[in-house]
Novice: 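Before I ask anything, let me first share the structure, which is written out below as structure tokens.
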Amino acid sequence: MDPLALIAQAAAQYRQLDLLGAEIETAVHSSDFAALPELCGRLDALQEQARDFDHRLFGLLRGHQELLDLDDTREWLQRMQAIQERNHRLVPHLRSIMAIQRNEVHTLRQGNSMLQGYKPGIAQPESRFSSAG
């Protein structure tokens, strides 16, 4: 693949990753946890594609320093940095959400264990025998 086309493709992928990251950040801050599985699935797929381009690009850039001055290369690197900064902002927030969720799960399990230990007395229905005869 042509180096310029590869760089342009990588910049476009990171544009998508950046936009998707912003959607995830919005969902996290607005507690829209129902949207996260679909968003994270899309993120995983995009990251997998970007990983391949990244390896090829880093190898290409080692031999061609002049490519660092291209607008697409600068955008690619800037978007990488922006994504990294967003992730650093989100990590503490996500950790606190996870801690709250862990606490809620622990409380539910504790309540379930207590309920499992509770055995109410079973009332026997009265039976009446009648003899015909």
Side-chain angles (χ1 to χ4, degrees):
M1 179 180 255
D2 172 38
L4 298 179
L6 186 65
I7 293 169
Q9 180 79 25
Q13 281 183 323
Y14 272 84
R15 244 178 265 126
Q16 289 178 315
L17 281 167
D18 197 18
L19 290 171
L20 189 55
E23 284 183 62
I24 290 171
E25 185 175 29
T26 299
V28 167
H29 287 301
S30 65
S31 300
D32 184 10
F33 302 121
L36 288 177
E38 188 267 332
L39 291 171
C40 289
R42 287 176 33 210
L43 179 67
D44 287 342
L46 278 174
Q47 284 178 328
E48 190 61 37
Q49 291 172 359
R51 195 170 294 127
D52 178 49
F53 275 96
D54 290 350
H55 289 300
R56 292 176 16 196
L57 268 177
F58 282 125
L60 180 68
L61 291 174
R62 279 189 204 109
H64 299 88
Q65 294 294 320
E66 69 277 2
L67 295 175
L68 289 172
D69 292 328
L70 297 174
D71 289 339
D72 283 339
T73 306
R74 279 194 222 112
E75 179 187 359
W76 173 60
L77 295 171
Q78 288 169 347
R79 293 217 184 245
M80 271 187 186
Q81 184 174 3
I83 290 167
Q84 181 182 24
E85 290 169 1
R86 179 184 301 112
N87 290 344
H88 285 296
R89 281 193 316 266
L90 275 176
V91 165
H93 191 74
L94 290 171
R95 283 191 177 140
S96 66
I97 290 169
M98 288 172 54
I100 290 168
Q101 295 294 320
R102 266 194 304 272
N103 185 46
E104 289 177 1
V105 167
H106 175 73
T107 302
L108 288 171
R109 284 185 178 151
Q110 196 173 26
N112 189 34
S113 294
M114 290 172 58
L115 285 174
Q116 293 297 320
Y118 176 70
K119 304 282 188 209
I122 299 173
Q124 297 292 327
E126 292 184 30
S127 60
R128 297 184 185 193
F129 290 91
S130 62
S131 58

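Residue numbers count from 1 along this sequence.
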Novice: Look up atom CG in Leu57 and atom CZ in Arg62, then write down how far apart they are to the nearest 0.5 Å.
Specialist: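 Rounded to the nearest 0.5 Å, the CG-CZ separation comes out at 11.0 Å.
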Novice: Hey, quick one: are Leu70 and Phe58 part of the same hydrophobic cluster, counting side-chain heavy atoms closer than 4.5 Å, chains of contacts allowed?
Specialist: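 In one cluster: yes.
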Novice: Using 0.5 Å steps for rounding, measure from the CZ atom of Arg79 to the CD atom of Gln16.
Specialist: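 Separation between the atoms: 10.5 Å.
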Novice: Could you measure the distance from the CG atom of Leu36 to the CD1 atom of Ile24? Nearest 0.5 Å is fine.
Specialist: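 If we round to the nearest 0.5 Å, Leu36:CG and Ile24:CD1 are 7.0 Å apart.
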Novice: With a 3.5 Å distance limit and no angle check, can you tell me whether Arg74 reaches the backbone of Asp69 through a side-chain donor-acceptor pair?
Specialist: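 Checked: pair present.
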Novice: Glu85 and Arg89: salt bridge (Lys or Arg N to Asp or Glu O under 4.0 Å), yes or no, with the steps?
Specialist: CA-CA 6 Å; Glu85 290 169 1; Arg89 281 193 316 266; 5.3 Å; no
Novice: Roughly how far, to the nearest 0.5 Å, is CD of Gln9 from CG of Leu4?
Specialist: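 If we round to the nearest 0.5 Å, Leu4:CG and Gln9:CD are 13.5 Å apart.
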Novice: Contact between Asp52 and Glu48 at the side-chain level, heavy atoms closer than 4.5 Å - yes or no?
Specialist: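 Contact flag for Asp52/Glu48 side chains = no.
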Novice: Is the side chain of Ser30 donor-acceptor paired with the backbone N or O of Thr26 at a distance under 3.5 Å, no angle test?
Specialist: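 It does hold such a pair.
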Novice: Going by the angle between their ring planes, with limits at 30° and 60°, are Tyr14 and Trp76 parallel, tilted or perpendicular?
Specialist: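 Rings of Tyr14 and Trp76: perpendicular, over 60°.
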Novice: Any side-chain heavy-atom pair from Glu25 and Val28 closer than 4.5 angstrom?
Specialist: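 Contact flag for Glu25/Val28 side chains = no.
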Novice: To the nearest 0.5 Å, tell me how far Thr73 OG1 sits from Leu68 CG.
Specialist: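 Rounded to the nearest 0.5 Å, the OG1-CG separation comes to 6.5 Å.
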Novice: Is there side-chain contact between Asp54 and Met80, with heavy atoms separated by less than 4.5 Å?
Specialist: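 Of all side-chain heavy-atom pairs linking Met80 with Asp54, at least one is under 4.5 Å.
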Novice: Quick one: pull up CG in Asp18 and CD in Gln81 and give me the separation to the nearest 0.5 Å.
Specialist: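 So the CG of Asp18 and the CD of Gln81 are separated by 11.5 Å.
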Novice: Tell me whether Leu19 shares a hydrophobic cluster with Leu17, the cluster being built from Ile, Leu, Val, Met, Phe, Trp, Tyr side chains joined at under 4.5 Å.
Specialist: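 No: no chain of side-chain contacts under 4.5 Å links Leu19 to Leu17.
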Novice: Show, in sequence, the C-alpha distance, side-chain angles and deciding distance for Gln101 and Ile97, and conclude whether the side chain to side chain contact (heavy atoms under 4.5 Å, CB included) test is met.
Specialist: CA-CA 6 Å; Gln101 295 294 320; Ile97 290 169; 4.3 Å; yes
Novice: Would you find a donor on one side and an acceptor on the other, under 3.5 Å apart, between the side chain of His64 and the backbone of Leu60?
Specialist: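 Yes, because the side chain of His64 sits within donor-acceptor range (under 3.5 Å) of the backbone of Leu60.
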